[in-house]
Amino acid sequence: MCLAIPMKIIAIAEDGQTGTVDLDGVRYAVGLMLLDKPAVGDYVIVHAGYAIEKLDTAEADARLALFVSLAEVYERELGQEVVWVAPSPPRGHGA
């Protein structure tokens, strides 16, 4: 199952085509070429190693809070810790 978890752009390469995103300390190289004017600090949705959508901060915060609540329910019901998993790397960009 894929979940569209917001990640924050923390760096953009000089070519503007790739960057680094972060979620709770997990950093990942992603393709940025599908976005219009990505900037450091933008929240994005990443699919298959490419940032495909920008989100405003309020929407990103709301989605992240929802995932935290969902994880708490799973942890309580299953008795196991829920672990965030980074998306797959885009081909040719590496991780």
Side-chain angles (χ1 to χ4, degrees):
M1 173 172 45
C2 295
L3 299 174
I5 299 173
M7 301 183 84
K8 183 184 264 185
I9 297 173
I10 60 169
I12 297 177
E14 285 186 30
D15 65 5
Q17 299 295 301
T18 60
T20 303
V21 293
D22 178 271
L23 173 64
D24 209 21
V26 176
R27 293 181 177 183
Y28 208 75
V30 297
L32 299 173
M33 62 284 290
L34 301 176
L35 298 178
D36 183 31
K37 300 178 184 170
V40 171
D42 285 346
Y43 279 95
V44 295
I45 297 298
V46 177
H47 177 72
Y50 293 90
I52 60 172
E53 178 184 1
K54 287 198 287 187
L55 301 172
D56 65 38
T57 301
E59 180 63 27
D61 287 344
R63 290 186 189 195
L64 289 169
L66 181 62
F67 283 115
V68 169
S69 295
L70 184 60
E72 290 171 353
V73 169
Y74 276 115
E75 288 176 354
R76 190 172 47 248
E77 292 191 7
L78 298 176
Q80 298 175 343
E81 181 182 2
V82 174
V83 179
W84 297 96
V85 177
S88 301
R91 293 181 185 189
H93 293 288

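Throughout, numbering of the chain's residues begins at 1 and tracks the sequence. The structure displayed is predicted, hence computed values, not measured ones. Both backbone and side-chain heavy atoms feed into the values below; hydrogens, waters and symmetry mates do not.
Put simply, the side chain of I9 reaches to within 4.5 Å of the side chain of V44, judged on heavy atoms.
Contact record, V40 with I10: CG1-O, 3.9 Å, taken as the closest heavy-atom pair. Summarising the geometry of E53 relative to L35, their closest heavy-atom pair is N-CD2, 3.5 Å, with the distance given to 0.1 Å. Considering every non-hydrogen atom in both L32 and A51, the closest pair reads CD2-CB, 3.9 Å.
Within the structure, salt bridge (Lys or Arg N to Asp or Glu O under 4.0 Å) pairs that include any residue of residues 30-51 comprise D42-K54 (at least two apart or interchain).
Expressed to the nearest 0.5 Å, how far CE of M7 lies from CG of D24 amounts to 9.5 Å. With rounding to the nearest 0.5 Å, the separation of CD in Q80 from CD in E75 is 9.5 Å. Distance check: D15 CG to M33 CE gives 7.5 Å after rounding to the nearest 0.5 Å.
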When you look at V30 and T18, which way does the side chain to side chain contact (heavy atoms under 4.5 Å, CB included) test go after all the steps?
CA-CA 6 Å; V30 297; T18 60; over 6 Å; no
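Taking the side-chain contact (heavy atoms from CB on, under 4.5 Å) definition, one finds that K8 meets it with Y43, sequence neighbours left out.
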When the side chains of residues 57-69 are checked against the rest of the protein, which donor-acceptor pairs come out under 3.5 Å, sequence neighbours left out?
from	atom 1	to	atom 2	distance (Å)
E59	OE2	R63	NE	2.8
S69	OG	A65	O	3.2

